[in-house]
Amino acid sequence: MPDPMRPRASLRTAVVWDVLQDALDRRVKATGRESLDVLDTGGGSGNFAVPVARLGHRVTVVDPSPNALFALERRAAEAEVADRVRGVQGDTHGLFDVVGRGGYDAVLCHGVLEYVDDPAEGVRNAVAALRPEGVLSLLAAGLGGAVLARALAGHFTEARQALGDPDGRWGDGDPVPHRFTAEQLAGLVEGAGLRVGAVHGVRVFADLVPGVLVDTEPGALEALLKLEETAAALPAFHAVATQLHVLGEAQGAAGA
Ligand SMILES: C[S@@+](CC[C@H](N)C(=O)[O-])C[C@H]1O[C@@H](n2cnc3c(N)ncnc32)[C@H](O)[C@@H]1O
């Protein structure tokens with residue numbers, strides 16, 4: 001989703017957006033329906049929900065934050081997709097208090113698993129919201145990216161602490177409750193009954209490169225985006241990505 005108005009933001013979203021858009025296109029072809037039902041659990045102010053609605057899909061965003069839901073409503077109106085975006089206050093733990101089971105062609109769970117008390121339950125609930133052949137898009141903080149970032153900032157003890165911590169936290173001051181390896185995320189997806197489709201590393205280099213290099217060198221942003229795109233699919237780079245994206249697909253469904 002390269003955004004010409006916010007070029008740096010593209011570095012955070014481009015890889016995930018490409019994979020997600022492709023997965024949605026495949027559901028459109030498989031179902032024969034142009035407009036899919038999409039659930040964005042922890043969808044916040046609509047970073048993904050609004051662009052998904054702009055593709056013509058109906059998106060339900062569940063989020064505990066009234067402020068985020070208010071921002072979502074405004075953003076959806078600005079993008080002229082208010083009729084296809086519904087915000088509901090709730091959380092992944094009590095997901096079925098606010099949405100139905102088994103009603104969605106795709107469920108997005110982006111940047112949320114880090115904050116829920118029980119990540120396995122969070123993934124199980126996201127999967128239980130899917131229709132039988134539906135697809136799960138899971139994005140969560142990567143352990144290795146955080147270790148690398150702490151070490152490069154000179155916080156060597158914190159980097160080592162994160163490596164040995166079961167939740168991948170670097171200390172009491174760490175604002176992120178859980179980080180994951182690609183293997184852990186794959187285990188959560190499989191534990192919820194799906195098979196693991198495409199796995200991508202997100203922001204492998206972007207958070208480590210001094211902003212001045214990207215902002216002042218002509219063509220640098222585009223070159224970095226291409227580098228991120230190429231590295232994202234290579235398992236060797238998953239170990240050091242800031243975030244990890246995993247597609248969960250129905251057992252027996254055609255792969256990415
Ligand atoms: C980092 S933001 C990600 C927002 C959006 N998914 C995105 O990718 O831009 C995390 C979001 O998760 C929401 N959140 C926190 N705890 C949650 C929970 N237990 N269930 C669902 N959403 C939660 C927050 O309100 C916030 O909007």
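Ligands are counted one by one from 1 in listed order, and the atoms in each one are counted from 1 as well. Note that this is a predicted model, so its numbers are computed, not measured.
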*asked:* For the 3.5 Å polar cut-off, considering only N or O atoms, please tell me whether Asp91 and ligand 1 meet it.
replied: no
*Between Asp37 and Arg58, does at least one N-O distance fall below 4.0 Å, as a salt bridge requires?*
yes
*Quick one: look up the protein heavy atom nearest atom 20 (N) of ligand 1 and list residue, atom name and how far away it is.*
Thr92 N, 3.0 Å
*With the threshold set at 4.0 Å, does a side-chain nitrogen-carboxylate oxygen contact exist between Arg26 and Glu249?*
yes
*asked:* Considering Asn47, Val16, Val62 one by one, which has a heavy atom nearer to atom 7 (C) of ligand 1 than any of the others?
replied: Asn47
_Those atoms of ligand 1 less than 4.0 Å from some heavy atom in Val112_ = 12 (O), 21 (C), 22 (N), 23 (C)
*Please report the closest heavy-atom contact between Val61 and Gly43, naming both atoms and the distance.*
CG1-CA, 3.7 Å
_As an exercise, identify every atom of ligand 1 less than 4.0 angstrom from a heavy atom of His110._
3 (C), 5 (C), 6 (N), 8 (O)
*Examine distances only and state if a side-chain atom of Arg84 and a backbone atom of Ala53 form a donor-acceptor pair shorter than 3.5 Å.*
yes
*For Pro64, is at least one N or O under 3.5 Å away from an N or O on ligand 1?*
no
*State the atoms of ligand 1, each with its element, that fall below the 4.0 Å cut-off from a heavy-atom position in Val116.*
18 (C), 19 (N)
_Test log, rule side chain to side chain contact (heavy atoms under 4.5 Å, CB included), inputs Asp91 and Val116_ = CA-CA 9 Å; Asp91 63 25; Val116 303; over 6 Å; no
*Could you tell me which atoms of ligand 1, counted from 1 in the order shown, lie closer than 4.0 angstrom to a heavy atom of Ser65?*
25 (O)
_Taking distance alone, with N or O pairs closer than 3.5 Å, would you say Asp63 contacts ligand 1?_
yes
*Keeping the roles fixed (side chain from Gln89, backbone from Asp63), state whether a donor-acceptor pair exists under 3.5 Å.*
no
_Counting only heavy atoms, tell me which of Cys109, Gly111, Gly90 gets closest to atom 1 (C) of ligand 1._
Gly111
*With the threshold set at 4.0 Å, does a side-chain nitrogen-carboxylate oxygen contact exist between Asp165 and Arg179?*
no
*Can you name the closest pair of heavy atoms from Ala241 and Val204 and give their distance?*
CB-CG2, 4.0 Å
*Check for a donor-acceptor pair, side chain of Arg169 on one end and backbone N or O of Ala162 on the other, with a separation under 3.5 Å.*
no
*Give the single entry among Gly42, Pro66, Pro177 that approaches atom 12 (O) of ligand 1 most closely by any heavy atom.*
Gly42
*asked:* I want to know if ligand 1 touches Asp40 in the polar sense, i.e. an N/O pair below 3.5 angstrom.
replied: no
*asked:* Give the atom numbers and elements of ligand 1 that come within less than 4.0 Å of a heavy atom of Phe48.
replied: 8 (O)
*Atoms in ligand 1 flagged as close to Gly44, the criterion being non-hydrogen separation under 4.0 Å*: 27 (O)
